[in-house]
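A quick write-up on the structure given underneath.
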Protein chains: 2
Amino acid sequence: MANIYDIAKLANVSAATVSRALANNEKISAASRERIQKIAEELGYRPNLVARNLRQKSSLMIGLILDDVSDELSGFIARGVEDEARKNGFSVLLWNIQHELESEVAALDFFTNLKLDGVILADTTLNAVEEFPHLKMPTVLINRTGSDEESIHNVLTDDYAGGYDATTYLLNLNHTKIAFINGPFDWHASAKRLNGYYDALKDHHVEPREEFVKHGDWYEESGYKLAKELLLLEDRPTAIFASSDMIAIGVMDAARELGLSIPDDISIMGYDNRIIAKYARPRLTTISLPLYEVGMMAAKTLCEIIQNQAHKDKQVNLLVKGNVIERETTKAIQVDSGID
Amino acid sequence: MANIYDIAKLANVSAATVSRALANNEKISAASRERIQKIAEELGYRPNLVARNLRQKSSLMIGLILDDVSDELSGFIARGVEDEARKNGFSVLLWNIQHELESEVAALDFFTNLKLDGVILADTTLNAVEEFPHLKMPTVLINRTGSDEESIHNVLTDDYAGGYDATTYLLNLNHTKIAFINGPFDWHASAKRLNGYYDALKDHHVEPREEFVKHGDWYEESGYKLAKELLLLEDRPTAIFASSDMIAIGVMDAARELGLSIPDDISIMGYDNRIIAKYARPRLTTISLPLYEVGMMAAKTLCEIIQNQAHKDKQVNLLVKGNVIERETTKAIQVDSGID
DNA sequence: TTGTAGGCGTTATCAC
DNA sequence: GTGATAACGCCTACAA
């Protein structure tokens, strides 16, 4: 594999001149530049990036640590990060940690030693950042709060807005008996969505009912079970807002089993806008989780830090909102015209 | 950031001794080794992998080129590759090309220049390998045939077996009128699955019917449309085998619309075992696409090549089979006991 | 067991 | 504009 010395020899110049010619920007005569570039091409020269990185102390690579790329949602983060990084001239080194703290520490170790220019940590519930004092490179966290460090920036999905918007959407369809099947109550996202739910009710002067709020896990069995409880109440809800699409699928199962028609007898709303929402029958109305955008914003922020030394003075905290994706599981309630 | 010279100074030894002590395996006195390691720890020393890679001409990294990680199926390839690579001490550098030949060439360029130890190309329909004569590193292709080069190995899903097994499964449920809605006929996978379908019929002495075989694209609209044609035939099929789960969803829509009960009036079988198959109602019987395994096998093969110089003499060609995933859309037909 | 010295391939700093 | 030369941090013959 040819190096710049091989080229230098053939071109009768020094390696330094070759380097300049190939870098394409220094003071060098057009004649030599073209001659040298031509020789480089003929030799099939390819720059050794390892040597370059060693010399320049920069790799044009960022690391992305996430739990599991094969998860549909994480995949969007990965795409968002990579698309934006690539646009800024960076490549992305990926590391799945699969719930293992050890693996997260190993990833940070590796990235540090490889002299990556920065790192994005997505969705991990662990605290490797705190446990990794060597973390000197620019860092952006996705969907993970809790660091007070000014130098560690955050990009989050706006779960409060999601809860608020979903509930408002149902309220605008004239529903007032709106139940909420939330995820585990100790999750940050759950708490935020619940606040959004309550605030939307309050802003529409609807009294919240204790028996209409349930906490389960994120999966369909939980949705099925809790929906049954809700639908068997004497004064049952006319709409159920589920904090994940999988929960919503369970809710649909329960409704069908009780002979309720969706959306005529019961409106159902999901959260996440997973592929299953589009393929459910009827198609599931839901709130999109803007993870592609979150990934992009995180990468954008990181690249800005690396390139411009921006955001040096204060911590970045971005919230990215999702949207209501209208499909077939929600329907307006006819209200009396109110003349009496 | 401390380097081995800083440690050497403090330990009153040479840098070479430090290097040996930290490498942990050379002939070195236990006393110095421990002393040096202790000092390294105190200094918070971290080896510079860029320098090491430059020196050793090896990076312990492999590249993975695929179309789009955020696609559910590609995600499994990525996970399989990474899990297996990690097990062998390698990290994975990911590059999404999104149908762009330019990007694929750029990826190979970058990987080559970064001195990665090997590369896996997944699912890409382009021919960057042929157009990239510089590709000197070990290469494994996933779901892409066509290179005669002995040094370029292949791992493929066994689409013939998938078509054969799906059809056989339906035949064993006593179906004989089995239609097949395939993907585009110019796809390699389509051709293989069709062969499997025909051979299974032949092995069970069932005459294939021309009107029972349709080609569409991979999506649900196509499945819906073609299923309607099939189900409105005078002598309609009792089972429809769809070459993708999305097609199968369209088939289910068509059946429901015609008032046919699934699986009582019509059995439906998908392909891919996407998440939507599990969440469809009724739950969709399908053939799994073993992409996680394919990713693992590809990484395993690549690591063996890198580490042991194995597979040097002949091209590796692996086929990985999926399985029938039994769910709720298929049902046996009652047959007459045949006494007459 | 340890030290010396050279080299991996590039870029940057000086001179000229 | 161009050429020496050093430096990035590490590893490894070879010598001692």
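In what follows, chains carry the letters A, B, and so on, assigned in the order in which the sequence lines appear, proteins first and then strands, with residues in each chain numbered from 1. The structure presented is a predicted model; accordingly, all values stated were derived computationally and were not measured.
- Every residue two or more places apart in sequence or in another chain was checked for a salt bridge (charged side-chain N to carboxylate O under 4.0 Å, His left out) with B/K9, and none qualifies.
- Summarising the geometry, the separation between CG on B/N53 and P on D/dC8 is reported as 18 Å, rounded to the nearest angstrom.
- Contact check on A/K300 versus A/E304 returns a salt bridge, with a Lys/Arg side-chain nitrogen under 4.0 Å from an Asp/Glu carboxylate oxygen.
- Rounded to an integer number of Å, the gap from A/I36 CD1 to C/dT10 P is 14 Å.
- Between A/W95 and A/F110, the ring planes lie tilted relative to each other; the angle falls in the 30° to 60° range.
- Nearest nucleotide to the A/N3 side chain, out of D/dG9, D/dG3, C/dG9: C/dG9.
- Residues that satisfy the salt bridge (charged side-chain N to carboxylate O under 4.0 Å, His left out) test with A/D71, not counting sequence neighbours, are absent from this structure.
- Note on the helix from C/dT1-D/dA16 to C/dC16-D/dG1: terminal axis deviation equals 40°, with five pairs used at each end and the result rounded to 10°.
- Remark: A/R52 pairs with no residue by the salt bridge (charged side-chain N to carboxylate O under 4.0 Å, His left out) rule, at least two apart or across chains.
- Using a distance-only test at 3.5 Å, with no hydrogens or angles considered, a donor-acceptor pair links the side chain of B/S59 to the main chain of B/K115.
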Discussion item. So if I define the base as every atom that isn't primed, P, OP1 or OP2, how would nucleotides 11-16 of chain D read as a B/S/- string at a heavy-atom cutoff under 4.0 Å?
Written reply: BBB---

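- Rounding to whole angstrom units, CZ of residue B/R33 and P of C/dT2 are separated by 10 Å.
- Atom CD of A/E34 and atom C1' of D/dG1 are 16 Å apart (whole Å).
- Put simply, NZ on B/K9 is 14 Å from C1' on D/dG9, counting in whole angstrom units.
- Nucleotide D/dC10 holds its C1' atom 12 Å from the NZ atom of A/K115, rounded to whole Å.
- Here B/L54 lies in heavy-atom contact (under 4.0 Å) with a base.
- In this structure, of C/dC8, D/dG1, C/dT4, it is D/dG1 that holds the atom nearest to the side chain of A/S29.
- Residue A/V18 is tested with A/I39, A/I36, A/D6, A/L10 for a side chain to side chain contact (heavy atoms under 4.5 Å, CB included); the sole match is A/I36.
- The residue A/V13 sits close only to the backbone: its heavy atoms come under 4.0 Å of sugar-phosphate atoms, none of a base.
- Contact annotation: B/S14 side-chain N/O to C/dG3 OP1/OP2 distance is under 4.0 Å.
- By the side chain to side chain donor-acceptor pair (under 3.5 Å) test, A/S74 pairs with no residue at all, sequence neighbours left out.
- Counting to the nearest Å, the P atom of D/dC10 and the NZ atom of B/K57 are 18 Å from each other.
- Side chain of A/D68 to backbone of A/Q98: no donor-acceptor contact under 3.5 angstrom is found.
- For the OP1/OP2 pair of C/dT2 and a distance below 4.0 Å, the side-chain nitrogens and oxygens of B/S32 include at least one atom meeting the criterion.
- Taking atom CG of residue A/L60 and atom P of nucleotide C/dT11, one finds them 12 Å apart after rounding to whole Å.
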